[in-house]
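Remarks on the structure that follows.
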Amino acid sequence: MDDCIIVGAGPAGLTAAIYLARFHLSIRLFDSGSSRAAMIPCTRNHAGYPEGIRGTDLLALMGKQAAKYGAHREQTKVTAIVPEGDTFRITTDSGAFEARTVLLATGVVNHRPHILPDVHDPALERGLIRYCPICDGYEVTDKRVAVIGTGDHGTREALFLRGYTRDVTLISPEAEHLLNDACAGKLDEAGIVRVQGPCGGWAIEGEQLALDTARGRMWFDSVYPALGSRIRSHLAIAAGARANDEGCLEVDDHQRTSVPGLFAAGDVVKGLDQISHAMGEAGVAATTIRNLLSERQPIRR
Ligand SMILES: Cc1cc2nc3c(=O)[nH]c(=O)nc-3n(C[C@H](O)[C@H](O)[C@H](O)COP(=O)(O)OP(=O)(O)OC[C@H]3O[C@@H](n4cnc5c(N)ncnc54)[C@H](O)[C@@H]3O)c2cc1C
């Protein structure tokens with residue numbers, strides 16, 4: 001029986017692994033290998049790296065730090081978490097395990113526009129497609145930018161990016177924009193151009209990303225999809241944890257879900273979807289897990 005099983009080895013799960021291993025607890029760290037952080041060509045807003053750092057390099061450094069204290073990432077997908085009294089039974093692709101506590105750090109998956117991977121992936125690498133204005137809006141300062149989206153979400157993202165550049169176009173993913181008067185008014189007031197989709201014909205052309213819209217072919221320095229995310233909270237919800245309407249797990253200020261002994265941290269929890277936030281939540285979760293276990297049975301050397 002392990003003290004804690006961590007599901008997910010992104011920034012949240014790896015931070016928790018470092019803390020928990022250094023608390024002298026027995027842990028396992030299961031990961032299916034699709035961290036959002038691995039998609040980051042170079043993060044420049046994560047403190048401590050003045051020249052920026054590639055997402056995979058940051059994950060590798062964190063993994064190395066966790067391994068130094070005995071926490072090794074195991075490549076496997078967790079398929080069920082079942083509370084059994086004070087403990088949990090965790091089923092994975094490679095077998096079943098028991099743990100006193102579980103930390104879910106499974107993150108989210110961004111919805112993408114219909115772009116073939118052989119265009120999407122090089123465009124992401126070159127910053128022609130971006131998913132996180134908070135992270136990298138600075139990099140599009142005074143550039144020509146499009147947001148693929150509509151409604152409140154698309155409007156919010158376009159207005160946010162207007163803080164970096166005058167040249168923002170909001171393109172509906174499908175044929176019609178779904179904008180109420182309030183959204184339309186704010187977009188007009190900010191000088192944000194509205195174009196209808198459907199979007200198609202994506203290609204890298206020169207230094208820009210090109211796509212077809214109802215207004216013909218258009219070219220942009222960067223395109224931000226604002227199409228929402230799939231929250232990977234289903235394992236916790238099936239175990240009885242409460243989530244909001246979007247599927248983000250509800251936690252208290254110690255990262256406890258509504259299921260005793262089941263914790264959550266990072267993007268899977270409602271909050272700022274950022275590396276720093278994921279790490280902070282994981283530190284809080286790990287310390288609370290340590291103290292909970294110590295209450296049940298004092299941790300002594
Ligand atoms: C293109 C892009 C650029 C970004 N740039 C920045 C930036 O510059 N700065 C910044 O702060 N943030 C940035 N972000 C956001 C940042 O990547 C996330 O906030 C961060 O990765 C969240 O960490 P996490 O640990 O919660 O989730 P993730 O990093 O997504 O990790 C979750 C892990 O859980 C695993 N998992 C999921 N389900 C299971 C399962 N059933 N069994 C086993 N494992 C499972 C996944 O495989 C994954 O490895 C960016 C995101 C994107 C997409």
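Read the numbers this way: they start at 1 and go in the same order the structure lists the ligands and their atoms. In what follows, every heavy atom counts, from backbone to side chain, and hydrogens, waters and symmetry copies are set aside.
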Could you check ligand 1 for N or O atoms lying under 3.5 Å from protein N or O atoms and list the pairs with distances?
| unit_1 | atom_1 | unit_2 | atom_2 | d |
| --- | --- | --- | --- | --- |
| ligand 1 | 8 (O) | Thr43 | OG1 | 2.8 |
| ligand 1 | 8 (O) | Asn45 | OD1 | 3.4 |
| ligand 1 | 9 (N) | Thr43 | OG1 | 3.3 |
| ligand 1 | 9 (N) | Asn45 | OD1 | 2.8 |
| ligand 1 | 11 (O) | Gln274 | OE1 | 3.4 |
| ligand 1 | 11 (O) | Ile275 | N | 2.8 |
| ligand 1 | 17 (O) | Ala37 | N | 3.4 |
| ligand 1 | 19 (O) | Asp267 | OD1 | 3.0 |
| ligand 1 | 19 (O) | Asp267 | OD2 | 3.2 |
| ligand 1 | 19 (O) | Asp273 | O | 3.4 |
| ligand 1 | 19 (O) | Gln274 | N | 3.3 |
| ligand 1 | 21 (O) | Ala37 | N | 3.3 |
| ligand 1 | 25 (O) | Pro11 | N | 3.3 |
| ligand 1 | 25 (O) | Ala12 | N | 3.0 |
| ligand 1 | 26 (O) | Asp267 | N | 2.9 |
| ligand 1 | 29 (O) | Ser35 | OG | 2.6 |
| ligand 1 | 29 (O) | Arg36 | N | 3.4 |
| ligand 1 | 30 (O) | Arg36 | N | 3.0 |
| ligand 1 | 34 (O) | Ala105 | O | 3.4 |
| ligand 1 | 36 (N) | Ser32 | OG | 3.4 |
| ligand 1 | 41 (N) | Val78 | O | 3.0 |
| ligand 1 | 42 (N) | Val78 | N | 2.8 |
| ligand 1 | 44 (N) | Ser32 | N | 3.0 |
| ligand 1 | 44 (N) | Ser32 | OG | 3.3 |
| ligand 1 | 47 (O) | Asp31 | OD1 | 3.4 |
| ligand 1 | 47 (O) | Ser32 | OG | 2.9 |
| ligand 1 | 47 (O) | Gly33 | N | 3.1 |
| ligand 1 | 47 (O) | Ser34 | N | 2.7 |
| ligand 1 | 47 (O) | Ser34 | OG | 3.1 |
| ligand 1 | 49 (O) | Asp31 | OD1 | 2.6 |
| ligand 1 | 49 (O) | Asp31 | OD2 | 3.4 |
| ligand 1 | 49 (O) | Ser35 | N | 3.2 |

- Message: Quick check on side chain to side chain contact (heavy atoms under 4.5 Å, CB included): which of Glu157, Arg162, Arg156 does Val147 satisfy it with?
- Response: Glu157

- Task: Only one of Val259, Ile5, Asp2, Val82 passes side chain to side chain contact (heavy atoms under 4.5 Å, CB included) with Phe88; say which it is.
- Result: Val259

Donor-acceptor pairs are to be reported for all side-chain atoms of residues 171-179 against protein atoms at under 3.5 Å, with residues two or more places apart or in another chain.
| unit_1 | atom_1 | unit_2 | atom_2 | d |
| --- | --- | --- | --- | --- |
| Ser172 | OG | Glu174 | O | 2.7 |
| Ser172 | OG | Gly197 | N | 2.8 |
| His177 | ND1 | Thr150 | OG1 | 2.8 |
| His177 | NE2 | Leu170 | O | 3.0 |
| His177 | NE2 | Ser172 | N | 3.4 |
| His177 | NE2 | Val195 | O | 3.0 |

- Cluster membership besides Leu292, Ile/Leu/Val/Met/Phe/Trp/Tyr side chains within less than 4.5 angstrom, sorted by chain and number, is Ile6, Leu14, Tyr19, Leu20, Phe23, Leu25, Ile27, Leu29, Ile40, Tyr49, Ile53, Leu58, Leu59, Leu61, Met62, Leu103, Phe263, Ile275, Met279, Ile289, Leu293, Ile299

- Message: So, using salt bridge (charged side-chain N to carboxylate O under 4.0 Å, His left out) as the criterion, who are the partners of Arg54 when residues are at least two apart?
- Response: Glu125

- Message: Between Glu74 and Arg28 (salt bridge meaning N to carboxylate O under 4.0 Å), is one present in this structure?
- Response: yes

